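Read the numbers this way: they start at 1 and go in the same order the structure lists the ligands and their atoms. This structure is a prediction, so every number in the text was calculated from the model and none was measured.
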Amino acid sequence: MPQGRRKVPFSGKAKKEQLKAKRQSKQGSRNTPFLLKKHDEGETSGVDVEKINFQSTRDGGSRPNRYALQFFKESQQEVLRQKEIARHSLELKEEKDLEIDGSEYFDKALDFPKRPPWEYGLEKNQLEAQEHRYFTEYIKNIQEKYDWKELSLFELNLETWRQLWRVLEMSDIVLFIVDIRFAALMFPPSLYEYVTGILKKDFILVINKIDLAPPSLVVAWKHYFKEKYPNLHIIMFTTLPGYNLHGKQSNVAGLQVRRRKGRIRMAAEGAQQILEACKKIVASQVDLTSWSNKIKEEMNIEYNDQSEDVDIGEIVHTKNVDTEFFQYEKFNKGILTIGCLGQPNVGKSSVMNALMGKKVVSVSKTPGHTKHFQTIFLTSNVRLCDCPGLVFPSKVTKPLQVLMGSFPIAQLRQPFTTVKYIAERLDLVSILRIEHPTNDDTWSAMDVCDGWAKKKGFYTAKAARLDSYRAANSLLRMALDGKICLCLRPVGYSDKQDFWKQHPDVKVVEWILAKSDVETEECTAYDSDSSEELQKICDIKQQEGGESNKSQDETDTYSDEDDEDIRLTTNKFAALGADLN
Ligand SMILES: Nc1nc2c(ncn2[C@@H]2O[C@H](COP(=O)(O)OP(=O)(O)OP(=O)(O)O)[C@@H](O)[C@H]2O)c(=O)[nH]1
């Protein structure tokens, strides 16, 4: 009998289900109004929307692709052109080229889709049709104003925007999370204006993953945001406090103990800051003692190294509510609702887990993992709401979008342009310790990929040629995880580096990173209102020398075998011409 796959008998019932699924998927694409014709190169055929993480509809019924990410699709010609460019010699950039002003990437005219006005008398399908019309118009407008090549790829799935609308409606406070490496590119000013100006809600910006940047840069970004957006409450955060800047974890035993017990560590320092910001916002309208106690309790567990679980809260998956009519009531029933928003992969789910001190939502290296928003009670009167990652329209270039984690690397049609972007700004040849694949003395992005393929033994199955595509993917994954670390900087950073290095906030960053040598005065200096709780945490840290704090949460970001190939200690934050040697 041949070794191929056996044919499965196909019953009448299965056929019926297949047809039903087909009908539904067609219906789904009819709901997608923006099957736009391409402007470039006279190409007018084909579908321009690329659906990411598209699931098979064979099981029928459940509309699995309702929340699939959707982006403009690049033409085959464009993909080939980019691939060709990746063969050109690298044009090395200056350190200053990493400096950016975020507002240049967000045109006012781009805005973001907002829920159109509605009233109670509307039927559900009328409401949906109205939103659909509005969204089609929104996309058409953008198309008229811009050549799609000028724009970032951005979310084209109305269902995903509906999730944002819903979360914005129900939240008392918006917690917007960005990745420190690309902070300004991830912060849409139009959202800030809408939340603070129109909705009149408070906006907390969480600058996450600060373990991936030098403290002076974290401080510089914090001040950049404060200056530009004065109504922001800014929190510097890491879900991995205690992570050693030299790429090592110093308390492996502690980590194993925690993993066995199924707990992850609360980022108590960051949680404390968010609590302080919320306290200021809600004043006496919501009693946040239970949250405060939870953090204290966690700190005791940490420092006494005990293992009982803290109160974990209840997860409420709020399915099928996207188009419901919803009347917002501030602090409804005495509950504070905090909506966690951000672009994909910035660590929204990780932040929620880190606030809970427990894994309550799943975390993934693959962008676009969270598909539907979910609410979780942090305490009986504080509710967190995790929204799927949203890629806002902007002028961010595609290579940067890949590095920002806007879409899954595995589904990239052409990874080489992004490798080129990195290789022109970081000395990948010495970071990866690779040799030129053809012993030439000029390097192209393709050479870097081939050099890496050679080193890792990546060969194509058929012709046993160097597998440049696999190598490029591997490099991009390392960049996404921060193993190859590229951080953008605010304009003027290079000239003022010494100033930022000596800034008092640097000590605060070190404290948040759970380093032990922080003076109490600097911790409290972070907040001029100097809370008692913050003071206590600093005191405990000093007494304990911070040792028990150096554990990793259960994410596997740094466990890859590629680690050994990268000299993290010498290059972690280096741009070309900076601290490489
Ligand atoms: N170095 C570092 N990595 C982090 C941090 N927080 C999250 N990550 C990693 O970032 C990746 C994405 O984290 P998630 O929490 O799934 O991000 P998300 O924003 O919920 O992602 P979507 O589901 O795509 O919207 C994971 O690999 C995390 O381990 C952090 O503070 N530091």
Please round to the nearest 0.5 Å and tell me the distance separating atom CZ of F176 and atom CD1 of I234. 13.0 Å
Are F187 and Y229, when compared by the centres of their aromatic rings, separated by less than 6.0 Å? yes
Determine whether the side chains of D386 and S349 contain a donor N or O and an acceptor N or O closer than 3.5 Å. yes
Proximal ligand 1 atoms for V346, defined as those under 4.0 Å from one of its heavy atoms: 19 (O)
Atom indices of ligand 1 within 4.0 angstrom of S349 heavy atoms, with elements: 15 (O), 18 (P), 20 (O)
For ligand 1, which atoms have a heavy atom of G389 less than 4.0 angstrom away? 25 (O)
Check each of G482, S350, P408 against atom 15 (O) of ligand 1 and report the one with the nearest heavy atom. S350
Say whether Y493 and S216, considering side chains only, have a donor N or O and an acceptor N or O under 3.5 Å apart. yes
Identify which of Q343, R181, K209 has a heavy atom lying nearest to atom 9 (C) of ligand 1. K209
Is there any N or O on I210 that sits under 3.5 Å from an N or O of ligand 1? no
Any idea which atoms of ligand 1 are less than 4.0 Å away from a heavy-atom of P344? 24 (O), 25 (O)
Residue T238 vicinity, atoms of ligand 1 by number, heavy atom under 4.0 Å: 31 (O)
Which ligand 1 atoms does D211 reach within 4.0 Å, using its non-hydrogen atoms? 1 (N), 2 (C), 30 (C), 31 (O), 32 (N)
Between R162 and E159, is there a side-chain N and carboxylate O pair less than 4.0 Å apart? yes
Between D481 and ligand 1, does any nitrogen or oxygen pair lie at a separation below 3.5 Å? no
Closest to atom 18 (P) of ligand 1 by heavy-atom distance, out of K348, K483, M352, is K348
Just checking, is any N or O donor in the side chain of Q272 or E276 under 3.5 Å from an acceptor N or O on the other one? yes
Between F392 and W161 (judged by ring centroids, cut-off 6.0 Å), do the two rings come close enough to count as a pair? yes
Examine the proximity of ligand 1 to D386 and report which part, side chain or backbone, both or neither, has a heavy atom under 4.0 Å away. neither
So which bit of L212 gets within less than 4.0 Å of ligand 1, heavy atoms only: side chain, backbone, both or neither? side chain
Considering only heavy atoms, which of L513, V351, T239 lies nearest to atom 30 (C) of ligand 1? T239
So, K398 versus T417: side-chain donor-acceptor pair below 3.5 Å or not? no
Is there any N or O on C387 that sits under 3.5 Å from an N or O of ligand 1? no
Does F112 have K114 sitting over its ring (NZ/CZ under 6.0 Å from centre, angle to axis within 45°)? yes
Drop me the distance from E193's CD to N231's CG, to the nearest 0.5 angstrom. 10.5 Å
